[in-house]
Student: 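The structure's right below; bear with me while I get my questions together.
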There are 2 protein chains.
Amino acid sequence: MTDAGKNTNTIAAQVTGKPTLKTISKLSGLAIPTVSRALSDAPDISEKTKKKIREIAAEIGYVPNRAGVRLRTGKTLVISLILGPDSELMPHTAQLIGSIARALRETPYHLNVTPYLPDDDPMKPIRQIVENRLADAVILNRTQADDPRVAYLLEKQFPFATHGRTNMSDRHAYFDYDNAAFGDFAVRHLAARGRKRIALLAPKQNQLYATHMIEGALAAATDCGVSLTVLDDVDSDARIDEIRAAIALRLKDNPDVDALITASGVAAMAAAAGAKSAGREVDIFGKEATSILRFCNPNILTLREDAARAGAFLAEAVVAALNDPLGAPKQGLQVPSEADFNLA
Amino acid sequence: MTDAGKNTNTIAAQVTGKPTLKTISKLSGLAIPTVSRALSDAPDISEKTKKKIREIAAEIGYVPNRAGVRLRTGKTLVISLILGPDSELMPHTAQLIGSIARALRETPYHLNVTPYLPDDDPMKPIRQIVENRLADAVILNRTQADDPRVAYLLEKQFPFATHGRTNMSDRHAYFDYDNAAFGDFAVRHLAARGRKRIALLAPKQNQLYATHMIEGALAAATDCGVSLTVLDDVDSDARIDEIRAAIALRLKDNPDVDALITASGVAAMAAAAGAKSAGREVDIFGKEATSILRFCNPNILTLREDAARAGAFLAEAVVAALNDPLGAPKQGLQVPSEADFNLA
DNA sequence: AGAAAAATCTATAACGTTTTAGATTTTAGA
DNA sequence: TCTAAAATCTAAAACGTTATAGATTTTTCT
């Protein structure tokens, strides 16, 4: 303590500025490549050296410079989530984003968000990412059956995972909700409540999720001995009175219908409003992403879709695809369970 | 056409691989630094040269390599959005994220998402970003009055903007909802509907937004000649029957109350459910982020909070802070207007 | 026309990393 | 003990960019 300032007994204290491999190199007396190889656990570095270098690295808090790694390796260490305009309006998207990002904390990858607008060409952001190497992989949030983005990514052999299946699902990683099981569950539940004539609101365009839902619902309806009608979904972007009127009209056209199945929580609320204005007592069964509906109309029954689980799975799936490009793509389905069921 | 393959008349066709400054350098016969400086419009490059280089760059589709730029300049070209655990559950967070990212498309910055969990130290991600230079700036989503993250960022002079004000708001960029105006609007509206005894549900902890809300509501109540009571908010994470009971209890304790003001749409729905179970006819006025409530209970009145506007503002504010670190921080408030008002 | 000044361009270096090939040291084998 | 092989380390180069200082050319002035 007399030789003031000289006897700093920690190495860390001697370091100024952000530590790099050079810092460790100087501190250890070993060459920079040796340090680099030691930290990446290369076989031609002795255990003794590795230990020494790792200790120094830990002590001075060395973190590899991403720009350096990127420039050298050509990797970006970024995974990009493609966000369509409709994704933003879905209440569970934030949870999806958060859970992906949280899962990626265990990896060197960072999550970045690439949005596009309704007027934009959905291919543009994808092409930019692939061509300019803005990310090492992408996650597509809402896919269509014959999604051109999926076709493009497959052709370019660019790693990706999707939230939602496609026609090409056997060839790529995905996570999806098991909508067939949802349709089955909804019909059986409504039938058990004594409902006999169930209608299902499905979008006019041939969406895969709707196909699955109808499939499951139809089979269950046959099994339970109740009738199932598929009706055109209403435009949930329309004004509220228009939505109400549209729902009421469908109910008027189908006077025997005593239950409605909808694909989303918002649609369920719209359906409830429409049924009320038509003066009809119908049960409504919807798939919801957040549990906001539980406060609502007692006739609304829901199954919760777990966005956090989807996000965690997608993150793992896309990292797996990066680590093993030739391996079988990871694929997952959320099968609805009683635990997801909320009475309003 | 006879000299097959040789007479490609476009420069682009001669380029193989991703074009770099080197490519343009070879194509133009000029040195790499000249190309670089020409593209950044440096004063010591002739207009003729600039034009030539810009043309070649455009033709071959040159895009600067981010890793190269980053390594050289020390900038990351990344702006990080810090997402707390509660942010994920708010339905408008996705819109906020999307609108920030969309606004950033006009800039060289990319948006990445840094989440943290309830158990995590909220300071940790911030410190990591600052210390390891993982981003050039951050956006904080939900701030507290004396937010330690804000204090830290101010001390480190790290560029940032917040969604929500703090005690230090005069020193940083922010966007916030004008909760005082919301309180004012809600009270006046309820008073105009003939309500006389209004209660406001506010969180126990001293949140800035609640302070503002109460402030505005109190002044308006005095002005309109109605009474205003502030009640403890209920825990919206609790089970539905607990929430119902809690709301009902508050109404029982305040038998004259004929209207409730809540800070969020979810809280409004919870309040509606509670009021119903207490057998009370009260109007409910809530601030909501999405327009989901319009389908709901006719007694729920809402003002819409525009998350997209907040996101766009925050993106601009943070980029402004990056471009002019010494300039006055951009600050914005969303003042509620009749246009945001939705009758259920 | 010649020198000084201005305009325009280039060579070099550096950011931090990893890969390759080669150098050195140590160990094993005879 | 000497050589061959194995183990361990290092030198050099490269990824693509920009900053600095210096070189060259052109213009301006006397």
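The structure displayed is predicted, hence computed values, not measured ones. Every heavy atom of this structure was used, including side-chain atoms; hydrogens, water molecules and symmetry mates were not.
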Student: Classify the angle between the aromatic ring planes of Phe313(B) and Phe175(B) as parallel (below 30°), tilted (30 to 60°) or perpendicular (above 60°).
Tutor: tilted

Student: Does any non-hydrogen side-chain atom of Asp41(A) lie less than 4.5 Å from one of Lys50(A)?
Tutor: yes

Student: For a 4.5 angstrom cut-off between non-hydrogen side-chain atoms, does Asn132(B) reach Arg66(A)?
Tutor: no

Student: For DNA chain C, determine which residues of residues 44-55 of chain B have any heavy atom closer than 4.0 angstrom to one of its atoms, and list them numerically.
Tutor: Asp44(B), Ile45(B), Ser46(B), Thr49(B)

Student: Output all residues satisfying side-chain contact (heavy atoms from CB on, under 4.5 Å) with Leu153(B), sequence neighbours left out; order by chain, then residue number.
Tutor: Ile126(B), Val130(B), Val138(B), Leu140(B), Phe158(B), Phe160(B)

Student: In residues 32-40 of chain A, which residues come under 4.0 Å of DNA chain C by heavy atom?
Tutor: Ile32(A), Pro33(A), Ser36(A)

Student: Got a sec, which residues hit side-chain contact (heavy atoms from CB on, under 4.5 Å) with Ile32(A), two or more places apart in sequence or on another chain?
Tutor: Leu21(A), Lys22(A), Ser25(A)

Student: Mind checking what makes salt bridge (Lys or Arg N to Asp or Glu O under 4.0 Å) contact with Asp44(A), not counting sequence neighbours?
Tutor: Arg37(A)

Student: Using the salt bridge (Lys or Arg N to Asp or Glu O under 4.0 Å) criterion, which residues pair with Glu55(B)? Sequence neighbours excluded.
Tutor: Lys51(B)

Student: Taking heavy atoms of chain B and a 4.0 Å limit, find me the 5'-most and 3'-most nucleotide of DNA chain D within that range.
Tutor: dG16(D) to dA19(D)

Student: Does anything in residues 73-82 of chain A form a side-chain hydrogen bond (donor to acceptor under 3.5 Å, both in side chains)? List the pairs, not counting sequence neighbours.
Tutor: Thr76(A)-Asp136(A), Ser80(A)-Asn112(A), Ser80(A)-Thr114(A)

Student: Side chain to side chain contact (heavy atoms under 4.5 Å, CB included), that's the test. Do Val319(B) and Ile79(B) meet it? Break it down for me.
Tutor: CA-CA 9 Å; Val319(B) 169; Ile79(B) 289 169; 4.2 Å; yes

Student: Strictly below 4.0 Å, heavy-atom distances to any atom of DNA chain C: list the hits from residues 68-77 of chain B, or just say none.
Tutor: Leu71(B), Arg72(B)

Student: Holding to salt bridge (Lys or Arg N to Asp or Glu O under 4.0 Å), I want the full list of residues that pass it with Asp146(B), two or more places apart in sequence or in another chain.
Tutor: none

Student: Quick one: bend of the helix from dA1(C)-dT30(D) to dA30(C)-dT1(D) from 5 pairs per end, to 10°?
Tutor: 50°

Student: Can you sort out the partners of Arg165(B) under salt bridge (Lys or Arg N to Asp or Glu O under 4.0 Å), two or more places apart, ordered by chain and number?
Tutor: Asp176(B)

Student: Separation of Arg66(B) atom CZ from dC15(C) atom C1', in whole Å?
Tutor: 17 Å

Student: Can you work out whether Val63(B) or Pro43(A) has the more 5'-proximal nearest nucleotide on DNA chain D?
Tutor: Pro43(A)

Student: With distance as the sole test, does Thr143(A) use its side chain to make a donor-acceptor pair with the main-chain N or O of Gly164(A) at under 3.5 Å?
Tutor: yes

Student: Salt bridge or not for Arg105(A) and Asp120(B), using N-O below 4.0 Å?
Tutor: yes

Student: Please step through side chain to side chain contact (heavy atoms under 4.5 Å, CB included) for the pair Lys18(B) and Val63(B), ending with a clear verdict.
Tutor: CA-CA 9 Å; Lys18(B) 183 132 187 44; Val63(B) 176; 4.2 Å; yes

Student: Apply side chain to side chain donor-acceptor pair (under 3.5 Å) to Asp147(A) and Thr166(A), showing your working.
Tutor: CA-CA 7 Å; Asp147(A) 202 302; Thr166(A) 69; over 6 Å; no

